[in-house]
Amino acid sequence: MATVGGGWSAAAHRVELRHAIRHLRDRGLYTAAKWAAEQLVGLPEEKSSSNAGPSSAAAASSEFEKSKLKRPSRQKDSATQVGTGYAGSRYMQEADDEEEEDDDLLLLAKAFFDMREYRRAAHALQGSTCKKAFFLRCYATYLAGEKRKEEEIIELAGPLGRSDAVNPELAGLEQELFALYSKGALDAFGSYLYGVVLHEQQRKADARTVLCVSVNAYPWNWSAWLELQALCTDHDILTTLNLKNHWMRTFFLASVYLDLQQNSDALTLYRTLHPLFPRSDHILAQTATTHYNLRDFDEAEGLFEELLRSDPYRLEGMDTYSNILYVKECFAALSHLAHKSVLTDKYRPETCCIIGNYYSLKAQHEKAVLYFKRALRLNRRYLSAWTLMGHEYVEMKNTPAAIDAYRRAVDINPRDYRAWYGLGQTYEILAMPYYALYYYRHATQLRPHDARMWCAMGQCYETEQLNMHDAAIRCYRRAVSNSDREGIALHKLAKLHESLGQADQAAYYYRKNLERMEADQNEGQEFVDALLFLANYCKNQGSLEEAEKFCDQLLDHGGPAKEDAKALLREIWSVQQHTASLPPLDLELYSP
Amino acid sequence: MAAGSGGNSSGFVLTPHKLAICMLTHAYASPASASPPFRALPADARRRLALFLLDHSKACDGYLEPTLEELGQQLREAMPDVGGMLVEQLGSHLLLVSSPEELFQFFFSIRGKSIEVEGHDEHFLVEQNSLPGQFLRRCILSFNLLSFEGTCRLVTELDAYHRPALTIARGIPSDKELAVGKLSDREDEGEDGLEDENLQWGGGNLEHKLSALPSSVRNTTHELHELADPGRSGGGGVRDGGFAFAFGDAASRGENASKTSFLRTVGQVEGYLKEQAGLIEKEMRQVPMMELDANLCHLEKLAPDMPRTHYLRYLNCLHHGDYLTAMDNLHRYFDFSAGKGGMSSAGASSDASVGRFQAGLLSLGSMHAHFGHVNQAMQALNEAVRIAQQNNDDSCLVHALAALCHLLSEVGAVADSSPKNSYFGNQPSLGMQQQLLLLLRRCLQRALELKLPHLVAFSRLALAKFDLQHVRKSPSFGGLKSAGRQGTSPVEVCKALRLSPYLLSDTVSNSLSLQTGGSGNIATINQQRQTGNTSASFPAQPLSMSGGMTGGGGWSTMGGRLGPLPDSVLRLAGTSHLLRAASWELYGSAPMVRVSALVHAICYTDVASADDLSLSYVKLAQHLAASKGYSAALAALEFARRKFSMVAKSRVRAVQLQLVHDQALHRGKIKLAQVACGELSSLASPALGVDMELKTEAAFRHTRSFLASGHLDEATTSARALFSSCYKANNQLNTGLVLLLLADIHKRAGSAVTGLPYALAGLTLCQSYSLDLLQVTAMVTLAELWLDLGVSHAARALLLLYQCLPIVLGHGGLELRARTNLAVAHCHLSNPSFSVKLKPEEVLEPLHQAAVEYGILEDNALEGECHYLQALVLNTLDRKEERDEAAAAFRRCMVALNENQASELAVLPV
């Protein structure tokens with residue numbers, strides 16, 4: 001992995017990206033262009049400016065050929081290796097040639113397009129035949145349809161709820177693009193658009209195929225990868241995709257893994273990418289999110305701070321940062337972040353989310369809901385706002401609204417374990433543990449290695465209404481085996497076993513819990529409970545010295561336990577004296 | 001969320017369809033004043049148009065509004081003479097509206113029209129307060145409320161509305177064939193807007209669209225119309241063609257644009273959903289799962305904030321046995337409906353925020369019960385009871401209690417799968433039964449307090465069923481165990497059964513004024529009846545309590561006009577008749593069974609669920625089999641089979657197999673009997689604790705097949721196993737049957753002495769349960785055993801037989817009668833003190849009767865035996881001719897028997 005960070009590849013990437021940015025910008029694919037530019041700047045600094053520049057494209061491509069010969073085993077470790085051997089430069093050449101032929105109409109249309117007058121742009125290009133014009137016309141038509149759709153959604157909100165407005169241009173675009181696609185006359189950008197259209201029409205399998213074609217032909221279009229990512233809803237689908245090896249694919253895979261909650265895989269990939277793009281903010285932000293998902297809050301916080309230092313006006317991913325600050329209860333930092341983002345762009349869902357988090361931390365839940373609602377008005381499918389709003393409603397004891405909010409989150413993305421968990425919690429609040437189990441089961445399915453989910457499920461089983469101790473014990477065991485950090489499970493397990501009269505198991509878990517608490521230096525009521533039980537247990541087992549040790553520890557703590565410990569100690573001493581005066585008992589032990 | 005649905009609370013949205021109705025009303029009210037005036041209509045046509053308008057201003061058959069051609073078709077049908085002309089005029093008027101300005105003009109012109117009607121006597125119809133008048137006013141009002149964008153949208157929709165119709169209207173002067181031709185002509189020409197490639201592609205896809213469209217675009221009105229008039233199917237083709245064509249050409253218009261707008265109002269959509277749910281619950285309609293699902297998907301897209309669709313989808317999945325999806329949709333429904341009581345008109349309780357969750361648990365419980373997950377169902381229902389108590393939701397509490405009763409009575413039959421089994425030691429379900437009885441009483445009391453008639457009726461019926469099934473100490477003796485005589489109490493059952501219909505008829509008449517708080521809950525627990533399907537743990541499967549929990553009326557009557565009561569209550573009244581049939585069957589009167597079943601089948605056809613109805617048909621068929629032989633019964637079953645849908649069919653199939661099995665046993669076709677038996681047991685679900693009654697029946701018949709084929713050892717083993725399982729499940733009635741079977745096996749094995757205890761035990765059991773007919777059978781078996789013990793016991797046996805003759809002849813079926821007759825003859829013949837020569841008729845008469853009856857039953861072996869005895873007797877009497885006749889008959893029987901026994905053919909009826 002470390003071998004791929006050679007200087008030659010950085011230069012090649014630079015050339016590729018510089019071309020790509022121009023291509024993307026010419027076609028109005030601004031998001032992708034922005035992303036590519038970010039990565040371009042993320043490359044290591046140029047050592048000497050002389051051998052860089054567009055003129056070195058040919059040289060770079062010949063180096064690709066060489067590297068291809070040198071590394072025949074590329075296919076094997078394709079996932080981890082950031083290969084660049086790719087015959088894309090041919091396409092680049094073509095695209096470059098085309099550049100010269102920009103006619104006046106195209107320039108006009110592009111100007112309209114940039115002014116967001118999509119219909120005018122599309123009209124201006126009517127009759128133009130070159131590929132770039134064709135794409136721009138189709139794309140402008142599509143965007144015009146999208147704009148109309150957004151307007152209609154607001155207009156059509158009738159008494160039956162939000163009506164499903166559809167982009168009216170889809171059918172026509174699909175016909176046109178299909179005709180070209182079936183003839184094989186569609187270029188990479190065209191197939192990207194075709195994929196988007198197919199996705200909108202819910203023809204997901206077709207959309208995947210077409211998008212694969214697009215990214216194989218032109219890998220630098222990050223929008224196409226993102227579209228593909230939205231279509232990869234589970235790991236099986238990912239393995240069926242036919243993708244050529246390219247360094248962009250590594251970006252894609254990492255992003256998909258992150259989306260699929262395969263956080264450690266994602267982290268590995270980002271670590272391989274980092275040496276190649278040492279100054280990339282994208283990689284930094286994604287790594288931070290991965291750490292957040294893995295609940296390494298300190299790590300993630302550090303990365304986000306670094307990110308903000310290099311790009312102080314960035315808003316993407318800042319909602320995650322605010323979540324971290326929320327969890328760590330950093331009032332000042334969160335307020336600072338909120339203030340800064342309001343100054344940067346008030347009408348961004350991320351901004352509203354950050355402010356919502358801030359108010360939530362200040363326990364002003366009504367205001368928090370207000371801001372989450374605003375975030376949702378800006379983006380109806382903004383997942384975390386629904387979930388966070390659910391949390392707020394739970395705080396406000398408005399359970400029906402909370403359930404509604406969570407449910408919407410789940411409907412938008414059924415893999416959102418937080419919302420499933422929230423639903424379960426809400427029903428638990430309503431004292432319906434059995435009903436809640438259904439939701440917790442979903443949550444555990446999504447996060448089988450998350451101890452919190454198992455603990456929640458165990459608590460449900462444990463309630464006096466259900467009283468299913470066996471099931472509860474099994475859940476807590478799962479939690480323990482998945483490194484339950486809060487230590488709820490150990491204590492619960494011990495308690496459960498104790499109540500079921502299984503003293504041995506109880507002692508085992510109390511001991512483990514004791515160890516954990518000693519490591520954390522956390523000596524609360526649980527600590528006392530554990531000591532008391534273990535003292536009693538050891539006494540009954542006959543290991544009096546150990547019992548004495550536990551009692552001594554107990555004496556450090558106040559309260560009723562201290563008195564118990566004293567009584568216990570007296571008992572132990574008397575037994576010790578008793579046994580000392582009765583040596584024959586010991587002899588029995590040694591008899592054969 | 002809530003804010004989204006604000007604004008127009010009535011849900012009345014101006015659509016092109018409504019506009020068209022407005023225009024028609026205009027044409028009716030003042031034809032001359034329209035800008036190009038409508039032609040004046042003759043008086044009778046005016047009247048028919050008035051009726052048509054009246055219908056359409058309150059119609060709610062589907063959730064989509066009809067398209068213009070559909071409206072045209074309906075208009076033409078309603079008025080064959082002037083309908084076509086009206087449609088054309090309407091079309092041209094719609095065509096005129098092509099900009100907002102014309103819309104403004106139109107509404108301005110009709111503003112005053114609702115009052116000033118040109119002086120006909122029926123002007124009251126368009127008065128301000130009449131239905132069409134109100135409709136008109138609402139349209140005007142909602143037009144005035146429209147924003148400019150809304151008006152523009154209306155114009156666009158209008159364009160989409162009349163465009164497909166236009167292409168057709170031009171093509172249909174009179175002949176539909178012609179229209180098809182023209183349509184295809186137009187297609188061949190190649191539409192101007194389409195480029196060559198597109199056309200090719202469009203043509204390829206046309207078929208696909210043709211097949212995809214009908215289900216999504218046409219609504220139920222449509223289907224109903226087509227059902228009523230099959231001759232129109234040609235027209236349907238044209239229509240679909242027209243649609244696809246319109247889509248093909250409207251490249252610039254999204255295909256959904258034309259669909260979204262034709263929605264009806266909230267109330268009407270809810271009505272549609274209720275109706276569909278009612279249909280599913282009645283199980284009368286054979287809707288393929290996918291079709292309804294597609295409809296629901298479509299509806300959900302159109303109205304995403306309508307949680308009822310999730311509920312309907314849940315029901316649909318439930319009825320097709322799709323556990324996971326059902327579960328998913330159930331939770332989704334209750335999650336979404338929790339927050340918004342306002343959307344559904346039948347909001348359950350005043351505080352919707354808590355009202356729904358316990359209902360969710362209730363439904364969850366009954367769903368688990370439906371799928372046979374007893375433990376899960378128990379958990380859910382217990383939780384429902386608890387939450388309902390916490391939230392003071394009494395009606396939910398009663399419903400949950402009732403559901404628990406159901407479940408407990410079921411668990412009684414499946415004691416080994418119950419979690420509480422371990423607490424009760426040797427007598428597994430005694431405690432359970434006491435619990436059940438207490439619960440039932442609690443339930444009844446609550447229901448009486450809350451005035452929930454369907455639950456009162458349910459609890460009464462359940463109590464009656466309980467009394468029917470279970471031994472109770474006579475109350476007069478209190479707790480003294482030794483003194484109390486154990487037995488069932490037919491009087492109690494009778495009382496309960498008599499009481500319920502009175503109550504029912506009372507509430508039906510009162511229901512209009514009765515205000516029930518729980519109407520919403522009724523709706524949500526409709527599927528409770530499903531639990532009933534699996535719960536009939538009765539030997540002769542008559543006691544389906546399935547009607548028990550139905551409150552389904554709420555769905556089928558629209559918008560609470562009649563309240564949800566009558567239908568469900570009526571259904572319960574029907575069920576009470578079935579229960580009566582069951583009780584008669586047990587207490588031993590075949591004719592009364594027939595009467596009760598007949599009453600149900602005839603009087604309650606329209607309200608009863610398919611399940612109940614199939615039960616009454618099956619009862620009737622069984623009665624036929626017992627009195628007229630198998631062929632008649634099988635023919636009747638064939639009729640029933642054609643009538644019912646899938647779910648109910650399985651019951652019919654089970655009974656059919658039972659009859660086939662009986663017939664095969666009688667004929668001596670062992671192979672066929674075994675096959676039928678195997679098939680029967682395969683009908684039962686493999687899940688533990690479900691379909692217990694069917695499983696018991698199959699095991700019983702299995703044993704009988706062994707007995708008939710002479711494998712006595714196997715027969716004994718399986719009978720013993722069956723006995724222990726019945727005993728464990730506290731299924732006393734089957735225990736009695738098995739005891740008699742064991743006695744039969746011993747008799748067959750020739751050891752009458754060992755058979756006697758079984759017969760006596762069976763007899764005692766039947767006495768304590770007041771099972772008269774079974775008791776008589778036991779007595780006959782006992783007499784046969786005595787006879788086998790030796791000649792000296794013949795007199796005693798005869799005495800026994802004479803004792804049972806009245807009931808046998810009055811109420812018994814063919815088989816019992818034949819058996820008794822034959823036994824009587826045997827007694828006489830083996831009695832040494834009886835002389836044939838003195839009283840020949842005392843032997844010959846029963847023998848003749850038996851021969852005839854066995855002949856109807858096609859039992860060649862026993863018929864042969866009768867003839868053989870006849871021949872012997874006649875021989876001693878020296879009546880040679882008759883003797884030869886009997887001998888010939890005997891021979892015929894034997895030949896037939898040999899043939900049957902040799903036949904390896906085992907073909908079941910399909």
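Scope of the values below: all heavy atoms of this structure, side chains included, with no hydrogens, waters or symmetry mates.
- Distance OH/Tyr427(A) to CG/Leu361(B): 8.5 Å, rounded to 0.5 Å.
- Here the closest heavy-atom approach between residue Tyr439(A) and residue His331(B) is recorded as OH-ND1, 3.0 Å.
- Every ring pair (Phe, Tyr, Trp, His ring centres under 6.0 Å) that His391(A) has, sequence neighbours left out, goes to Tyr406(A).
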Checklist entry - Are Leu364(B) and Tyr438(A) close enough, and set up right, to give a side-chain contact (heavy atoms from CB on, under 4.5 Å), and what steps lead you there? => result CA-CA 11 Å; Leu364(B) 185 65; Tyr438(A) 171 79; over 6 Å; no

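- A distance of 6.5 Å separates CD of Gln379(B) from OH of Tyr434(A), quoted to the nearest 0.5 Å.
- Only the side chain of Leu423(A) comes within contact range of chain B, judged by heavy atoms closer than 4.5 Å.
- In this structure, Arg386(B) and Pro433(A) approach most closely via the heavy-atom pair NH2-CD, 4.0 Å.
- Here the closest non-hydrogen pair linking Tyr435(A) and Leu330(B) is OH-O, 4.5 Å.
- Residue Lys149(A) qualifies as enclosed at atom NZ: its count of foreign heavy atoms under 6.0 Å is above 12.
- Proximity to chain B involves both the backbone and the side chain of Leu466(A), based on heavy atoms less than 4.5 angstrom apart.
- Arg407(A) is linked by a salt bridge (charged side-chain N to carboxylate O under 4.0 Å, His left out) to Asp411(A), Asp335(B), counting only residues two or more places apart in sequence or in another chain.
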